[in-house]
Amino acid sequence: MATSSSASLSKVIKQQYMELSQGDKVQAMYIWVDGTGEGLRCKTRTLDFEPKSVEETNLRVRCNKVMKMVEDQVPWFGMEQEYTILGTDGHPFGWPSNGFPGPQGPYYCGVGADKAYGRDIVEAHYRACLYAGVQICGTNAEVMPAQWEFQVGPCEGIDMGDHLWVARFILHHVCEDFGVIASFDPKPIPGNWNGAGCHTNFSTKEMREDGGLKAIEDSIEKLGRRHRYHIRAYDPKGGLDNARRLTGHHETSNINEFSAGVANRGASIRIPRNVGQEKKGYFEDRRPSANCDPYGVTEALIRTCLLGEEGDEPADY
Ligand code: ADP
Ligand code: MN
Ligand code: MN
Ligand code: MN
């Protein structure tokens, strides 16, 4: 693996500077989603006080508008962010430089140096998220070695996009410190290796109450009539990225077909087993790609499931 210059800089020396008193000034780092819809950028300014909130541009404004329309239904989301750790040469972290590790099977939720590649990054990221107030709720090693997942949620309305984007930013920053790269490419290694998604779990107050399964099934029926619109909203290239991932293999559905089922990991929509049993809870949309815009994904779910929109175009409110 190529060495990164950042990895070889001494973090101990940096600590001396981090301890310098800054008086009553604060460094405010402003972060934003760039024009690609998937990249993050940042810049820093000196302020005399700690700012209370930030405005983001991009898809957030539209998403927020739609969220406000359905506030009384108390929509909750939880997103499962999968990602792959790469060396600065673009090769998966810990993989042999010429060739491949052993086939998939032992890596998912694995433990041991031959199974879990890069846990230091995962743990540093988890702690940094909790420190920052990000609603991170779990993490696990994924099916492909060097691939991991963290979950954020449940978050109400616009909070989902806010928290997930900040969690992604923190991950990029932690990886920078370790001299590696976090990739959200939905299919980083072609062939017999799992891709990376961003399963999106969704519920309303009604779905979470007794007998809520009926409302879950109603939503799924609406989603089934609007598959193309959702595929367009679920990756930054309008479906082109997901075309590499949603093959119908490796625990994914086929990009051209809509399907739903209880405990079915090969379906577009999965009703978790315990939700089927208790007849209330939430459902999981397994289609969003790892590099999706969470504002776009949650907005699309609200439009179709709660605002009853149909057809290929979003309504103008
Ligand atoms: P999986 O079994 O698909 O791997 P995970 O445990 O990784 O599921 O993730 C479950 C996600 O569902 C978490 O992000 C969690 O916050 C979210 N979640 C749990 N309950 C609800 C709910 N009632 N509404 C929406 N999201 C929920
Ligand atoms: Mn998961
Ligand atoms: Mn997963
Ligand atoms: Mn899942």
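Residues take their numbers from the sequence shown, with the count starting at 1. Atoms within a ligand are numbered from 1 in the order they appear, just like the ligands themselves.
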Is there a donor in the side chain of E149 and an acceptor in the side chain of Q151, or the other way round, less than 3.5 Å apart? yes
When you measure from the Mn ion (ligand 3) to each N, O or S atom of E82, which atom gives the shortest distance? OE2
How about H172 and F184: are their ring centres within less than 6.0 Å of each other? yes
Report the relative orientation of the aromatic rings in F258 and H227; use parallel for angles under 30°, tilted for 30 to 60°, perpendicular for over 60°. perpendicular
Taking the Mn ion (ligand 3) as the reference point, name the nearest N/O/S atom of E142. OE2
Tell me, which N, O or S atom in E80 is closest to the Mn ion (ligand 4)? OE1
Side chains of Y295 and D162: do they bring a donor and an acceptor to under 3.5 Å? yes
Metal site the Mn ion (ligand 3): N/O/S of E149 inside 2.8 Å: yes
Would you say the rings of F202 and F283 are close, in the sense that their centroids are separated by under 6.0 Å? yes
Could you check which N/O/S atom of E284 is closest to the Mn ion (ligand 4)? OE2
Please find the N/O/S atom of H199 nearest to the Mn ion (ligand 4) and write down its name. ND1
